[in-house]
Novice: 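The structure that follows is given in the form of structure tokens.
By convention here, the first residue in the shown sequence is residue 1. As a basis for the values below, the full set of heavy atoms in this structure was taken, side chains included, without hydrogen atoms, waters or symmetry mates. One-based numbering, in listed order, for ligands and for the atoms of each.
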Amino acid sequence: MTAHTPDTDSAAPTSEPTRAFESLAVHTGIPRAGGVGLGVPVHHSVAFQFESLEHGADVFATNDEYSYARLQSPTVEALETRLAALEGATSALAVSSGQAATTTAILSVCRAGDHVVATSSLFGGTSGLLRNVLPNFGITATIVDNDPEAVRGALRPETRLVWAETIGNPAADVADIPALALVAHAHGALLGVDNTWGGVGYLCRPLALGADIVTHSLTKWAAGQGAALAGAVLVGDRHDLSANPIFASGEPSLLETRGAGALSWRQRWLGAHQIGMTLGPQAAHLVVLGLETLALRLRQSCDNALALAEWLSSQPGVLSVNYPGLPDSPWFPLARRVLTHGSGAVLTFEVEDPARVLSRLELVRIAPSLGDTRTMVIHPWTTTHGRLPEEQRAASGVTPRLLRLSVGVEDAGDLRRDLAHALA
Ligand SMILES: *Cc1c(COP(=O)(O)O)cnc(C)c1O
């Protein structure tokens, strides 16, 4: 048990991994021992046995061992250990979806009366949570432009959390994580970053750049084959919760009883134990397998995305191309500072007649997800962003002519020929 108990959390190794991403991705979570299977097994048991009354009482008091799979179980724990190693996190909690991860992260540091400041090109589910769901429970949010000064201007005494996405969807804007961290920390708030597009640390490691909480939809690039829904919340070792009454008030306070592991303890208690957004072992296993090839897939997808973005920019039928890896993107300089190994696997472009382009594609699939091995295209105006008021769609960079492409690992030439045929 590593990610589970506060005591081991605070003693766990932190930040910089000693080995490279590719090595950690295939070895972490597999014990080195004779006769033990070389892989992460799928462990389906819900209940774990106690030897005696005393043993049961001790496990319930300390949570040092498995007891019931809603709290922790072996396959999910192996995934969590691997995720923490890849992101350079102190602890990780795997949950049932990216949406569950965002919910857990926000509720872990906010309660009724508290306030969140988020930057604008938010994933639709996050926007819905902040605008429509959490206000019913007394947690309010202000959504501002993706600019640290705009964030600073929206802070209130009761702001506990600043929220950003590594790369926004579909505007492909990049978060200035170091600057946002300074703004949040000067106010006694934490910075949370949805790093779904950052590839579990391969393209971006927000904790090393100053963020306190990182979340993922593991459904996307991490699982990578479009076969599992999963999410995760990770925390680093430098967060300061002394200004947050959830942790600092009470006799004794959570900080006094749980120490440096207070935040990860509260996340597991809330997300898994109390609300029950626990991940199952089968999906956890699919994500474990996905992580093993994540770097390979992302390298190919990012190379393909850059090649396609450059090629689309020169096509007469294409009105605009947006990709942070293009030198003429306003986000290019920031992308060079916060991203490594590539500028992401998603690009957007505008065409005169998006319906015609979609109807002529033969290889690229029309589908509403991201991060699969297969290239997928979507028309955000009528789908992912279709229910938003027009001014919110405009703020997210969504226009009626826009198409979003999540670039897979196919041959770049085949993708270019498919798009050329569709644009002709
Ligand atoms: C998909 C996505 C989510 C939500 O993840 P689910 O696994 O679908 O719940 C959250 N944030 C971002 C950036 C996403 O792309």
Side-chain angles (χ1 to χ4, degrees), residues 76 79 83 87 92-107 116 118-134 141 143 146 163-175 177 192-204 206 211 213-234 271 275-280 282-284 286-287 290-291 294 298 301 305 324 338-339 344-348 367-372 376-378 380 383-385 388 396-398 404-408:
V76 175
L79 168 63
L83 291 169
E87 277 281 5
L93 168 70
V95 286
S96 54
S97 68
Q99 195 62 12
T102 308
T103 305
T104 302
I106 296 172
L107 292 181
V116 179
T119 59
S120 62
S121 54
L122 286 174
F123 173 71
T126 307
S127 169
L129 197 58
L130 292 174
R131 292 178 206 269
N132 306 324
V133 179
L134 294 177
I143 297 173
N146 179 13
W163 192 261
E165 297 188 11
T166 306
I167 306 178
N169 174 7
D173 53 329
V174 179
I177 296 168
V193 175
D194 180 335
N195 194 33
T196 299
W197 290 36
V200 197
Y202 187 64
L203 298 183
C204 180
I213 302 176
V214 160
T215 62
H216 280 282
S217 169
L218 300 171
T219 314
K220 313 295 170 50
W221 290 273
Q225 337 260 322
L229 268 172
V233 195
L234 299 101
I275 308 182
M277 297 182 283
T278 307
L279 185 63
Q282 207 78 51
L286 288 170
V287 182
L291 290 174
L294 176 59
L298 266 176
S301 290
V338 303
L339 304 178
V346 182
L347 60 94
T348 60
S369 190
L370 296 164
D372 278 20
M376 298 178 285
V377 67
I378 192 84
T383 57
T384 52
H385 292 66
L388 292 181
S396 314
V398 175
R404 183 190 75 192
L405 204 60
S406 172
V407 182

Novice: Just checking, is any N or O donor in the side chain of Q225 or D372 under 3.5 Å from an acceptor N or O on the other one?
Specialist: no
Novice: Any side-chain donor paired with an acceptor under 3.5 Å for N146 and S120?
Specialist: no
Novice: Taking the side chain as every heavy atom from C-beta outward, state whether S406 and K220 have any atom pair closer than 4.5 Å.
Specialist: no
Novice: Can you find a heavy atom in the side chain of W221 that is under 4.5 Å from one in the side chain of W197?
Specialist: yes
Novice: Measuring from atom CG of L203 to atom CG of L298, what distance do you get when rounded to the nearest 0.5 angstrom?
Specialist: 5.0 Å
Novice: Do any nitrogen or oxygen atoms of ligand 1 lie under 3.5 Å from a protein nitrogen or oxygen, and which ones?
Specialist:
from, atom 1, to, atom 2, distance (Å)
ligand 1, 5 (O), S217, OG, 3.0
ligand 1, 7 (O), G98, N, 2.9
ligand 1, 7 (O), S217, OG, 2.8
ligand 1, 7 (O), T219, OG1, 2.6
ligand 1, 9 (O), G98, N, 3.1
ligand 1, 9 (O), Q99, N, 2.8
ligand 1, 11 (N), D194, OD2, 2.6
ligand 1, 15 (O), K220, NZ, 2.7

Novice: Taking only residues two or more places apart in sequence or in another chain, which ones pass side-chain hydrogen bond (donor to acceptor under 3.5 Å, both in side chains) with T219?
Specialist: S217
